[in-house]
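Right, one structure below, let's go through it.
A note on names: the letters A, B, ... follow the listed sequences, proteins ahead of strands, and every chain is numbered from 1.
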2 protein chains.
Amino acid sequence: MYLINDKEFKCSVTVTLDVFNDRWKLAIIWHLLDNEKRFKDLRQEISEITQKTLTVKLKELEAKNIIHREVFAQVPPKVVYSLTNIGKKLEPLLQEMYKWGIDYTKEFGTITASCKNIK
Amino acid sequence: MYLINDKEFKCSVTVTLDVFNDRWKLAIIWHLLDNEKRFKDLRQEISEITQKTLTVKLKELEAKNIIHREVFAQVPPKVVYSLTNIGKKLEPLLQEMYKWGIDYTKEFGTITASCKNIK
DNA sequence: TCCTTTAGTAACCTAAAGTATCCTAAACAT
DNA sequence: ATGTTTAGGATACTTTAGGTTACTAAAGGA
């Protein structure tokens with residue numbers, strides 16, 4: 001049994017699924033893997049996400065200790081997001097997602113150009 | 001660029017995220033990894049899911065070629081679900097989810113008993 | 001003086017996801 | 001005769017994720 005602030009899980013897979021139960025969080029992690037990023041950089045790179053959703057998801061990730069938020073006292077504002085230690089440990093998972101996405105597209109779709117590789 | 005029936009993706013990670021954009025699909029796969037299962041078995045093992053949601057999610061997974069559905073002509077009905085080849089290739093991904101869930105719980109929660117291991 | 005930039009917040013709305021409840025067919029056991 | 005079992009379908013409802021639009025503060029530049 002797994003307990004995370006009064007929430008019970010039967011299995012550690014369920015823990016992970018519960019943390020990332022939406023369209024955006026893992027995509028954000030993916031973009032933070034190579035470098036820390038400013039808010040506006042994430043907005044540009046994940047262009048389909050709206051500003052509000054991005055702020056909401058970043059807050060959720062921060063609350064779950066997956067990312068770290070650093071505010072610079074300057075104008076216009078500057079806020080930099082980076083992965084925590086546990087956040088960085090998501091890299092193998094995302095690499096598997098990367099690989100499976102390619103396998104799946106090879107079977108049921110078409111690849112015209114590959115996306116960035118993780119180092 | 002990745003193309004799957006007229007839907008475009010910038011990155012193969014996005015492809016994977018798009019296939020599994022809900023709470024349930026990967027949990028279902030997880031339970032099908034060790035064995036094919038009947039509908040009622042899945043209902044019992046993933047006890048939090050409702051019957052309707054389970055049927056919907058199984059249909060979606062079948063439509064995406066991740067699982068295979070076999071109907072036996074008998075009464076009461078018997079329907080067995082199993083992973084396709086591409087579905088089986090999700091095992092490493094789920095293993096990473098399994099591992100990360102443990103890491104995360106160790107840091108921010110409590111483990112009282114571990115869930116089943118993948119062979 | 002006014003515009004631009006950044007990282008948000010607030011109020012409102014919609015579509016989709018999920019829940020709850022009830023119904024069915026047909027074989028079998030009692 | 002009746003109840004049980006299985007894999008759903010039908011309908012109606014609630015919840016929540018996410019989108020849309022508009023607003024802000026404060027420094028610096030034209």
Side-chain angles (χ1 to χ4, degrees), chain A residues 7 9-10 14 16-32 35-64 66-83, chain B residues 5 7-10 14 16-32 35-64 66-83:
Chain A
K7 222 170 161 185
F9 301 94
K10 286 193 285 190
T14 324
T16 307
L17 286 171
D18 182 74
V19 172
F20 302 103
N21 58 0
D22 64 78
R23 288 230 309 277
W24 300 114
K25 293 205 198 80
L26 279 173
I28 293 170
I29 308 291
W30 172 253
H31 283 273
L32 287 177
N35 244 315
E36 52 178 39
K37 299 265 167 73
R38 291 183 66 172
F39 185 86
K40 63 148 191 171
D41 297 328
L42 288 169
R43 273 226 64 187
Q44 284 167 11
E45 292 181 20
I46 314 172
S47 52
E48 318 80 32
I49 201 172
T50 60
Q51 188 167 17
K52 181 202 153 189
T53 304
L54 180 55
T55 42
V56 168
K57 294 304 157 189
L58 287 169
K59 275 197 181 142
E60 288 175 5
L61 285 170
E62 197 197 354
K64 287 168 194 283
I66 318 268
I67 63 172
H68 176 247
R69 180 173 182 269
E70 190 177 4
V71 185
F72 292 79
Q74 64 183 55
V75 170
K78 179 179 176 184
V79 178
V80 171
Y81 293 91
S82 56
L83 294 176
Chain B
N5 38 271
K7 221 169 160 184
E8 286 185 355
F9 301 93
K10 287 192 287 189
T14 324
T16 308
L17 286 171
D18 184 73
V19 173
F20 302 103
N21 58 1
D22 63 80
R23 290 230 307 279
W24 300 113
K25 293 204 200 81
L26 279 172
I28 293 170
I29 309 292
W30 173 250
H31 284 273
L32 288 177
N35 244 314
E36 52 178 40
K37 299 263 167 72
R38 292 183 65 171
F39 185 85
K40 62 151 191 168
D41 297 329
L42 288 170
R43 273 227 65 189
Q44 284 166 9
E45 292 181 20
I46 315 173
S47 52
E48 318 80 31
I49 200 172
T50 59
Q51 188 167 19
K52 185 198 155 195
T53 305
L54 180 56
T55 42
V56 169
K57 294 305 157 186
L58 287 169
K59 276 199 181 139
E60 288 175 6
L61 285 169
E62 197 197 355
K64 288 168 194 282
I66 318 269
I67 64 172
H68 175 247
R69 179 173 183 271
E70 190 178 2
V71 184
F72 292 79
Q74 63 183 58
V75 169
K78 178 177 175 184
V79 178
V80 171
Y81 294 92
S82 56
L83 294 176

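Across all non-hydrogen atoms, the minimal contact from Asn35(A) to Lys37(A) is O-CG, 3.6 Å. Between Asp22(A) and Trp24(A) the shortest heavy-atom distance is OD1-N, 2.7 Å.
Arg23(A) has its CZ atom 8 Å from the C1' atom of dG18(D), to the nearest Å. We find that CG of Leu42(A) is positioned 13 Å from P of dT6(C), with the value rounded to whole Å. Note: NZ (Lys25(B)) to C1' (dA17(C)) measures 11 Å, nearest angstrom. Spacing between atom CG of Asn21(B) and atom C1' of dA15(C) amounts to 14 Å, rounded to whole angstrom units. Atoms NZ (Lys37(A)) and C1' (dA7(C)) sit 17 Å apart, rounded to a whole Å. When rounded to the nearest whole Å, the span between CZ of Arg43(A) and P of dG19(D) equals 10 Å. The distance from atom CD of Glu60(B) to atom C1' of dG18(C) is 12 Å, rounded to the nearest whole Å. The CG-P distance, from Asp18(A) to dG18(C), rounds to 13 Å in whole Å.
Look at Glu60(B) and Lys57(B) and you find a salt bridge, because one of the NZ, NE, NH1 or NH2 atoms lies within 4.0 Å of a carboxylate O, short of that distance. For the pair Glu48(B) and Arg43(B), the salt-bridge criterion is not met [side-chain N within less than 4.0 Å of a carboxylate O]. The pair Arg38(A)-Asp41(A) fails the salt-bridge criterion, with no side-chain N (NZ, NE, NH1 or NH2) lying under 4.0 Å from an Asp/Glu carboxylate O.
Two residues are said to be in side-chain contact when any heavy atoms from C-beta on lie closer than 4.5 Å; Leu42(A) and Leu58(A) meet this criterion.
Trp24(B) has a side-chain polar atom (N or O) that falls below the 4.0 Å cut-off from OP1 or OP2 of dG18(C). OP1 or OP2 of dG19(D) lies within a sub-4.0 Å distance of a side-chain N or O belonging to Thr50(A).
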- Contact state string [nucleotides 3-13 of chain D, B base, S sugar-phosphate only, - no protein heavy atom under 4.0 Å]: --BBBBS--B-

